[in-house]
> 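Below: one structure in structure tokens.
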Amino acid sequence: IKPQRTVLMEPSLFLLPADKISQSQSFNVGTAGAKIFLGPASDEFGYTVQQAPNYQDKWLLVGAPWSDNRKGDVYKCPVQGSSNRCDKLNLQDSVTIPDVTGVNTNMSLGLTLAPNHTGHDFLMCGPLWGQQCGDQNFYPGICSKLNPLFQLQPAFSPAIQKCTGLMDIVIVLDGSNSIYPWPPMTEFLLKLIPSLDIGPQSTQVTLAVIQYSDDQKVEFKLNRYTDRSQMLNAASKISQKYGTSTNTFAAISFASKQAFSASNGGRPEAAKVMVVVTDGESHDSYNRDSVIAECDKQGIIRFGIAVLGYYTRNNIDTKNLIQEIKSIASEPTEKHFFNVSEEAVLSTIAGTLGKRIFSIEGTGKGGDSFQMEMSQVGFSAYYSKQQDMMMLGAVGAYAWSGTVVHQKGSVATIFPFSAFEGTLQERNHSSLLGYALTTLTDGSTEYFVAGAPRSNHSGQVIIYTVNPQKQPTIVDTERGKQIGSYFGSVLCSLDVDDDKVTDLLLVGAPMYMNELKKEQGRVYLFSVTKGILSEQGFLNGPSGNENARFGIAISVIPDLDLNGFSDVVVGAPLEDQGKGVIYIYNGYNQGLKKDFSQVPHTTFVFKKYMKNRGFIHISLELKLCMC
Ligand SMILES: *[C@@H]1O[C@H](CO)[C@@H](O)[C@H](O)[C@H]1NC(C)=O
Ligand SMILES: *[C@@H]1O[C@H](CO)[C@@H](O)[C@H](O)[C@H]1NC(C)=O
Ligand SMILES: *[C@@H]1O[C@H](CO)[C@@H](O)[C@H](O)[C@H]1NC(C)=O
Ligand SMILES: *[C@@H]1O[C@H](CO)[C@@H](O)[C@H](O)[C@H]1NC(C)=O
Ligand SMILES: CC(=O)N[C@H]1CO[C@H](CO)[C@@H](O)[C@@H]1O
């Protein structure tokens, strides 16, 4: 079960003789003598719970995705014995990818915890694990397995990004007399450099500073520093060159011919970027056309920054200066031209400039067209036994349209936007496909199921198969009936008679609102025939006079009433004034009874420990902090 806190049912109650069971059907689960594991509510301890029953020592694995300031972690708790002390596995800082600058601050490890039934191991994910590229963070998510001894296996991140391609940046800095004061110029460099991905890898950005006035002075060449801190140190020591004239085009010409040349560390395969910073009109504008043509020929992308301080201090019209700098900047001008009122505020544009450099087509990642950069792979996970494969939800893929990743061995198949586009009919809805996952089987074919709780605002589930060419085919889809109900955020497939054929799919819509405007929640039943769903109504749950979020957790449990058919438990964590309630539904030879057989009442007062924070609530926050 996936309730908020864990209660183990008293085992002796399961062992009643069958004749007694039939009389006590409504009262077959009790909480007397339950073992309770407590963890900090602020850590969201208990957000995920899995039983690890395959060893001599039986354990409960408990996710606490907000522990350590949302780094998250997993606890192991002993089922046997008298101890109810859980031990933290302390995994957060070990879940890393070699040679990648990871950001684990908010990674929320343990938000997802899924068993591999074949290997008796567990997959856990931190879907908000970030990857730093320049000054930008991406959120491809990270997952790692725990072996049966709870030892951490190497982590993987199927949507890991290539930060940037090769880039050579030449900064052409005006050092003439009119620049005053000088320190803002170096300050600008000190702000800009940290936003660039400087390093010895193929993704390195190299940088040269050329000061100019009458002539040019190279401060450091492109290949001088491969280390950001050394470069910062060098940049901080640059002093003003001084000079009476501003030969901007001579400097640009020099930069384009000399600074980018191989003999000065330029790499022919790298994108060439030039940043020109000046405070006055040039004295050599007659060279403009030929110099800019030369730059264009070499494919140099140019940013022009006009510092208007000298002109405004001396009441000179800035029109010509702005016009000249605009003529230096590449098209579209609004992306490549900057003006600042005075030297002192130059550094305030460094961040924006860094981002624009970073998003240069073909070298970096633009913010306009996210593919897998923010995908949060591992937001959900489900193990397909038949294919021995992990399905991973990637709700942030394609600007939060979402997708599913199939990970088999070390091979990850990421389904493209086009795979589900026609079915979702995504119109900037942020469908969040992959929020929940499961599979259905007819005995031979396995059908994959993915929920998209915001599709067209009312939610959707999509059933698909995958052909040997790894292309998905949509088999069926169902849409939710109420806007905002989060239909498809919870999925549970049920083989009620254990004949290895799925009989029912239960779909949670935990935010379903009733006439009293309470979030009562609803669980829909669908019968399944060869992957095609047929709606069979919904489960009767809470009375509806308070918020309940019934359906936020749905789980199959072994046959509680010993009639030979699997049973189902549904959680309603907000019911009973936030104490939370679970409902038990019994399976029978025709499926699942829609009336619950029992709402086991607890003698414990959980309220003290509960923060009423539901599943959706957290997930929405996770999403919001990404947008
Ligand atoms: C972590 O999450 C908090 C709260 O949402 C946010 O303020 C902070 O900026 C995040 N940090 C990173 C590095 O993403
Ligand atoms: C599941 O466990 C088995 C046995 O350890 C292993 O061979 C297989 O690769 C695992 N599958 C996945 C998808 O992790
Ligand atoms: C910068 O240029 C824009 C037009 O490109 C202009 O509207 C703005 O006033 C200028 N800023 C300053 C400080 O002159
Ligand atoms: C989306 O929802 C609106 C009503 O909210 C409905 O009219 C429309 O048909 C739905 N679109 C799809 C593709 O189901
Ligand atoms: C930001 C974004 O994704 N905008 C898209 C919204 O939908 C329209 C039409 O479907 C697209 O043209 C936009 O690009």
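None of these values were measured; they are calculated from a predicted model. First listed ligand is number 1; within each ligand, the first listed atom is number 1. Throughout, residue positions are numbered sequentially from 1 according to the sequence presented.
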> Report yes if Q407 has an N/O atom closer than 3.5 Å to an N/O atom of ligand 2; otherwise report no.
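No: no nitrogen or oxygen of Q407 is under 3.5 Å from one in ligand 2.
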
> Using a 3.5 Å distance criterion without hydrogens, assess whether the side chain of N116 forms a donor-acceptor pair with backbone atoms of D121.
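No, the answer is negative, given that no donor and acceptor are paired below the 3.5 Å cut-off.
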
> Nearest protein heavy atom to atom 13 (C) of ligand 4: under 4.0 Å?
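True for atom 13 (C) of ligand 4.
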
> State whether the number of non-hydrogen atoms from other residues, nucleotides or ligands found under 6.0 Å of N69 atom CG is greater than 12.
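No - once you tally the heavy atoms of other residues, nucleotides and ligands closer than 6.0 Å, there are 12 at most.
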
> Looking only at heavy atoms of K408, does any of them come nearer than 4.0 Å to an atom of ligand 2?
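Checking ligand 2 against K408, which is what was asked, there is no heavy-atom contact under 4.0 Å.
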
> Write out the residue and atom name of the closest protein heavy atom to atom 4 (C) of ligand 4, then the distance separating them to 0.1 Å.
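For atom 4 (C) of ligand 4, the nearest protein heavy atom comes out as N456 ND2, 4.7 Å.
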
> For atom 11 (N) of ligand 1, which of L128, N106, V103, T105 has the closest heavy atom?
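Minimum heavy-atom distance to atom 11 (N) of ligand 1 goes to N106.
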
> Just by distance, do the side chain of N547 and the backbone of L574 share a donor-acceptor pair under 3.5 Å?
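Pair absent, no side-chain N/O of N547 close to backbone of L574.
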
> What closest approach, in Å, do G531 and I463 show between heavy atoms, and which atom pair accounts for it?
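Heavy atoms of G531 and I463 come nearest at O-CG2, 3.5 Å.
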
> Once you restrict to heavy atoms under 4.0 Å, what part of R479 touches ligand 4? Side chain, backbone, both or neither.
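For R479, the contact with ligand 4 is made by the side chain alone.
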
> What distance separates F156 CZ from L123 CG, expressed to the nearest 0.5 Å?
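Going from the CZ atom of F156 to the CG atom of L123 covers 5.0 Å.
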
> What are the atoms of ligand 2, with element, lying closer than 4.0 Å to any heavy atom of K145?
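It comes down to these atoms of ligand 2: 10 (C), 12 (C), 14 (O).
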
> Which protein non-hydrogen atom lies closest to atom 8 (C) of ligand 2, naming both residue and atom, and how far is it?
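Sorting protein heavy atoms by distance from atom 8 (C) of ligand 2 puts D388 OD2, 3.4 Å first.
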
> Could you check atom 5 (O) of ligand 2 against the protein and tell me its nearest heavy-atom contact, residue, atom and distance included?
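Nearest neighbour among protein heavy atoms for atom 5 (O) of ligand 2, to 0.1 Å: G119 CA, 3.5 Å.
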
> List ligand 4 atoms under 4.0 Å from Q425, heavy atoms only on the residue side.
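The list of qualifying atoms is 13 (C).
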
> Taking only heavy atoms of R70, which atoms of ligand 1 are found under 4.0 Å from at least one of them?
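Counting from 1, the qualifying ligand atoms are 4 (C), 5 (O).
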
> Any chance the rings of Y486 and Y435 have centres within less than 6.0 Å?
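Between Y486 and Y435, the centre distance is under 6.0 Å.
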
> Taking NZ, NE, NH1 and NH2 as the nitrogens, is one of them in D68 or K88 under 4.0 Å from a carboxylate oxygen of the other?
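Counted as a salt bridge, because a side-chain N and a carboxylate O are separated by less than 4.0 Å.
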
> Does atom NZ of K408 have more than 12 heavy-atom neighbours, drawn from other residues, nucleotides or ligands, at distances under 6.0 Å?
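Correct, the count exceeds 12.
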
> For ligand 2, which atoms sit closer than 4.0 Å to a heavy atom of N116?
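This gives 1 (C), 2 (O), 3 (C), 8 (C), 10 (C), 11 (N), 12 (C), 14 (O) as the contact atoms.
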
> Within the structure, does Y139 bring an N/O atom to less than 3.5 angstrom of an N/O atom in ligand 1?
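Yes, at least one N or O pair falls under 3.5 Å.
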
> Under 4.0 angstrom from atom 2 (O) of ligand 4, is there any protein heavy atom?
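There is a protein heavy atom less than 4.0 Å from atom 2 (O) of ligand 4.
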
> Sub-3.5 Å donor-acceptor pair from the side chain of S493 to the main-chain atoms of L505, do we have one?
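No, because the side chain of S493 does not come within donor-acceptor range (under 3.5 Å) of the backbone of L505.
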
> Within ligand 2, which atoms have a heavy atom of M390 less than 4.0 Å away?
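In order of numbering, the contacting atoms are 13 (C).
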
> Would a distance-only check, ignoring hydrogens and angles, find a side-chain to backbone donor-acceptor pair under 3.5 Å from D442 to T445?
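Yes; at least one donor-acceptor contact below 3.5 Å.
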
